[in-house]
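Here the structure is laid out as structure tokens; the discussion comes afterwards.
All ligand and atom numbering here is 1-based and tracks the order in the structure.
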Amino acid sequence: MFKSGIAVCSLGHCHPAVTAAVKTQVEKLVHVSNLYYTEPQTELAELLVENSFGDKVFMANSGAEVNEAAIKLARIASAEGRHEILTLAGSFHGRTLATLAATGQPKFHKGFEPLPQGFKHIAFEDLERLEKSISPATCAIMCEPLQGEGGVRPLGPDYLKKIRALCDQHDLLLIFDEIQTGMGRTGTLFAYQQLGIVPDIMTMAKALGNGLPIGALVTTNEVAGSFVPGTHGSTFGGNPVGAAAAVATMKVMLADGFLAGVQEKGDYLSRSLQNLVGQFPDFITEVRGLGLLKGLVMSEPGAERGTDIVNVLFDRGYLINFAGNVALRFAPPLTVSFDEIDELVGALTEVVADIFP
Ligand SMILES: Cc1ncc(COP(=O)(O)O)c(C=O)c1O
């Protein structure tokens, strides 16, 4: 209920507009080779271009797959010999070998070494280290505007502006992984749209098809020029059924008032959760996040019981999770009501009071 599986079913399960689009599409066409365009794919690409900085779109089936595409694109679009990508400690970019190597959390690497080379993880908010790590081999900086799996940790507009400036200064591409923050989750269609900077490459997946597997990468004409037919591809990428679901999902999200509503409910959720910080200051330290992606940050003694809070809430019918072993993560469907937020925060307050008497 407050997890959306995780940040996927943003319109709730089986939203009528998405269900209708999928039903219509499965009766028409479920697959065609990517040697050809399909109508839903074209419509989706147009919607993404009209509503982001992107000029061109590449489609795949999942988050990791579009991040792989971003990594390949950054390498091929850069001068020869430049292949290294800097990412941040605490980041999560996927579970294929290259996206795992990009992920700045060693716990996910264990047992899968040796990982592909060409990635350096830089401590969070250490701009000096980030700049010092740029070498003649560096081609890009890749980050999430808000680390989801890393504990709902926003990078902040100033930090992001400085990262953008470093990219401009050193002729690097900036890759934004908006797989979790994209598709209205933060109150704007993409998080970058409220953070005052624009990346060169951006990836999205999760909520794009409201539960159907589809991912997309958008980029500028200039960068996209390095991917020509045959450079990169995917048999099922942007398949007509997933694309039809994504078109229907986007149309709901782009309708008047929808994103403003996300922002309003996100602010309300923040204020409600803030009361818990006041009530349990020894265990809960902060509310952070954007829109309807919020984290309740636990102190060290609080974090020891984070999973217990998640489990007790599960027994009471509320789904949340404990991200990065540091924050309770709330990612309700964007259609959540104010009453449902009250119910969740009421139940959470009782559970926390029981666990930390
Ligand atoms: C920011 C981010 N990037 C990439 C991924 C990987 O996406 P997928 O599981 O669809 O491969 C995730 C999944 O949690 C994510 O949150």
Side-chain angles (χ1 to χ4, degrees), residues 3-10 58-74 85-105 107-109 112 115-116 119 121 124 140-155 160 163 174-186 189-192 195 199 201-218 234 236-239 242-243 245-246 249 288-295 319-327 329-331:
K3 196 153 79 171
S4 312
I6 299 170
V8 168
C9 296
S10 283
F58 170 79
M59 292 174 201
N61 309 286
S62 66
E65 241 187 293
V66 280
N67 276 346
E68 283 273 345
I71 291 164
K72 288 178 72 177
L73 180 59
I85 298 184
L86 307 182
T87 70
L88 301 182
S91 59
F92 185 83
H93 296 298
R95 291 177 187 269
T96 59
L97 282 175
T99 57
L100 206 52
T103 292
Q105 299 192 63
K107 68 177 182 197
F108 291 113
H109 300 164
F112 299 113
L115 294 175
F119 299 92
H121 310 128
F124 196 79
I141 298 178
M142 177 174 189
C143 59
E144 300 148 86
L146 178 162
Q147 293 186 342
E149 301 306 303
V152 194
R153 193 157 49 155
L155 271 60
L160 287 169
I163 292 179
L174 177 58
I175 306 172
F176 260 19
D177 174 343
E178 290 232 25
I179 286 163
Q180 189 158 149
T181 54
M183 314 324 298
R185 172 59 52 193
T186 65
L189 191 62
F190 300 105
Y192 86 86
L195 294 170
I201 299 173
M202 176 175 71
T203 54
M204 69 204 77
K206 283 193 177 279
L208 180 59
N210 203 51
L212 270 89
I214 181 161
L217 172 158
V218 302
S234 161
F236 293 119
N239 88 84
T249 302
R288 65 188 180 196
L290 294 169
L292 280 170
L293 181 53
K294 289 278 151 64
L319 308 186
I320 62 165
N321 77 337
F322 192 44
N325 266 334
V326 62
R329 173 171 44 185
F330 306 88

Exercise. Yes or no on side chain to side chain contact (heavy atoms under 4.5 Å, CB included) for Ile179 and Asn67, after CA distance, side-chain angles and deciding distance?
Worked result: CA-CA 9 Å; Ile179 286 163; Asn67 276 346; 3.3 Å; yes

For this session: Taking Ser91 for its side chain and Thr87 for its backbone only, find out whether a donor-acceptor pair lies under 3.5 Å.
Result: no

Exercise. Gln147 and Gln180: side-chain donor and acceptor closer than 3.5 Å?
Worked result: no

Exercise. Have Glu68 and Thr96 got a donor and an acceptor in their side chains that come within less than 3.5 Å?
Worked result: yes

Problem set entry | Heavy-atom donor-acceptor pair, Asn210 side chain to Ser10 backbone, under 3.5 Å | yes

Would you mind writing out a table of all protein N or O atoms found under 3.5 Å from any N or O atom of ligand 1, naming both atoms and giving the distance to 0.1 Å?
residue, atom, partner, partner atom, Å
ligand 1, 3 (N), Phe92, O, 3.3
ligand 1, 3 (N), Asp177, OD1, 3.3
ligand 1, 3 (N), Asp177, OD2, 2.7
ligand 1, 10 (O), Gly63, N, 2.8
ligand 1, 11 (O), Ala64, N, 2.8
ligand 1, 14 (O), Lys206, NZ, 3.3
ligand 1, 16 (O), Gln180, NE2, 2.8

Problem set entry | Criterion side chain to side chain donor-acceptor pair (under 3.5 Å) against Glu149, the qualifying member of Gln105, His93, Arg329 | Arg329

